[in-house]
Amino acid sequence: MQVTSVRRSNPERTAEMRARLVATARRLFVTHGYAATSTPSIVEAAGVTRGALYHHFADKQAIFRAVVEAESEAVAAAIAAADTPGLSARARLLAGAKAYVLAMQAQGRTRLLLIEGPAVLGRDTIREIEGRNGDASLKTGLEEAIAEGTLPRLPIEALTSLLSAMFERAAIDVAEGEPMDNVLAVIAQVLRGLATSEQKA
């Protein structure tokens, strides 16, 4: 019997190699940290040549950025998966906040996105990456809550930035042992406070 092998296309092989390098680099960055991880160690752990790595990534910082972008995209996907259109906009914001904090508990993710990411890539780059992912989801949710009338009309960029910082700290606190229920209760109260602030003014 003749066995017909399935040949992968060049784009498939390229995507597979890139994913392999990113997954290997992620594991090493989480285990050893950015500074203690070298490109030769990534090459060795991935079982590829140096040429293969440099074909896809210019340097260690470039592969670290790819890892950070993949992590940020995974968090945004988790938030999107938790969305329930039938709920009020504020309830959806709370569901998104919980999904964010939960997603950030993946091993090493808080360190990659919130600690080493800004230190290695710079705050502007991290904000740009987050602006396409988690912060984009948050901004949309806030705009919907404002349109619904459950949040007051506030400058959306400032509101998104400040609440994003709160969610990031919440993720760090949970990663360091704070009970998630405590963190989510505070977030819910902050959002309720925002909802009533316009009436009190």
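Just so we're clear, the structure is a prediction, and the values are computed from it rather than from any experiment.
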| message | Walk me through whether Ile129 and Arg65 qualify under side chain to side chain contact (heavy atoms under 4.5 Å, CB included). | response | CA-CA 9 Å; Ile129 292 171; Arg65 174 169 179 154; 4.1 Å; yes
| message | According to side-chain contact (heavy atoms from CB on, under 4.5 Å), who are the partners of Ala97, at least two apart in sequence or on a separate chain? | response |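 Partners of Ala97 under the side-chain contact (heavy atoms from CB on, under 4.5 Å) test: Phe167, Ile187.
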| Among all residues two or more places apart in sequence or in another chain, which pass the side-chain contact (heavy atoms from CB on, under 4.5 Å) test with Arg27? |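 Partners of Arg27 by the side-chain contact (heavy atoms from CB on, under 4.5 Å) criterion, ordered by chain and then number, come out as Thr24, Thr31, Ala45.
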Measure the shortest side-chain to side-chain distance between [X] and [Y] over non-hydrogen atoms and say whether it is less than 4.5 angstrom.
X: Glu130; Y: Val75; answer: no
X: Leu94; Y: Leu87; answer: no
X: Glu12; Y: Glu16; answer: no

Under the rule for side chain to side chain donor-acceptor pair (under 3.5 Å), what residues qualify as partners of [X], not counting sequence neighbours?
X: Thr125; value: none
X: Ser164; value: Asp135
X: Glu168; value: none
X: Thr39; value: Tyr54

Using every non-hydrogen atom in the two residues, find where [X] and [Y] come nearest and quote the distance to one decimal.
X: Val67; Y: Ala25; result: CG2-CB, 4.1 Å
X: Val43; Y: Thr49; result: CG1-C, 3.8 Å
X: Val22; Y: Ala66; result: CG2-CB, 4.0 Å
X: Gln61; Y: Val120; result: NE2-O, 3.2 Å
X: Arg192; Y: Ala185; result: NH2-O, 4.5 Å

| request: Can you tell me which residue pairs pass the salt bridge (Lys or Arg N to Asp or Glu O under 4.0 Å) test with a partner in residues 173-190, sequence neighbours excluded? | output: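 Applying salt bridge (Lys or Arg N to Asp or Glu O under 4.0 Å) to every pair that reaches into residues 173-190, excluding sequence neighbours, yields Arg169-Asp173.
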| request: Keeping to residues at least two apart or across chains, list the salt bridge (Lys or Arg N to Asp or Glu O under 4.0 Å) pairs with something in residues 48-64. | output: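 Every pair satisfying salt bridge (Lys or Arg N to Asp or Glu O under 4.0 Å) with a residue in residues 48-64: there are none.
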| request: Find the distance between CG (Leu191) and OG1 (Thr150) and round it off to the nearest 0.5 Å. | output: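 Separation between the atoms: 9.0 Å.
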Which atom pairs, donor and acceptor, lie under 3.5 Å between side-chain atoms of residues 102-110 and protein residues at least two apart or in another chain?
{"from": "Gln105", "atom 1": "OE1", "to": "Ala175", "atom 2": "N", "distance (Å)": "3.4"}
{"from": "Gln105", "atom 1": "NE2", "to": "Val101", "atom 2": "O", "distance (Å)": "3.0"}
{"from": "Gln105", "atom 1": "NE2", "to": "Ala171", "atom 2": "O", "distance (Å)": "3.3"}
{"from": "Arg109", "atom 1": "NE", "to": "Glu71", "atom 2": "OE1", "distance (Å)": "2.7"}
{"from": "Arg109", "atom 1": "NH1", "to": "Ala103", "atom 2": "O", "distance (Å)": "2.8"}
{"from": "Arg109", "atom 1": "NH2", "to": "Glu71", "atom 2": "OE1", "distance (Å)": "3.4"}
{"from": "Thr110", "atom 1": "OG1", "to": "Met104", "atom 2": "O", "distance (Å)": "3.0"}

| request: Kindly write out the residues that satisfy salt bridge (charged side-chain N to carboxylate O under 4.0 Å, His left out) with Glu148, not counting sequence neighbours, or none if the list is empty. | output: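 Not a single residue meets the salt bridge (charged side-chain N to carboxylate O under 4.0 Å, His left out) criterion with Glu148.
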| task | Could I get the full list of salt bridge (charged side-chain N to carboxylate O under 4.0 Å, His left out) partners for Glu116, not counting sequence neighbours? | result |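 For Glu116 the salt bridge (charged side-chain N to carboxylate O under 4.0 Å, His left out) partners, ignoring immediate neighbours, are Arg111.
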Under 3.5 Å, which donor-acceptor pairs do the side chains of residues 138-146 form with other protein atoms, sequence neighbours left out?
{"from": "Lys139", "atom 1": "NZ", "to": "Glu157", "atom 2": "OE2", "distance (Å)": "2.6"}
{"from": "Thr140", "atom 1": "OG1", "to": "Ala136", "atom 2": "O", "distance (Å)": "3.1"}
{"from": "Glu144", "atom 1": "OE1", "to": "Arg92", "atom 2": "NH1", "distance (Å)": "3.4"}

| message | The test is side chain to side chain contact (heavy atoms under 4.5 Å, CB included); show your working for Leu53 and Leu21 and say whether it passes. | response | CA-CA 7 Å; Leu53 186 146; Leu21 287 165; 4.2 Å; yes
| task | Would you mind checking if Arg132 and Glu128 are paired as a salt bridge, meaning a charged N to carboxylate O distance below 4.0 Å? | result |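 Looking at Arg132 together with Glu128, the answer is yes, because their closest N to O distance falls below 4.0 Å.
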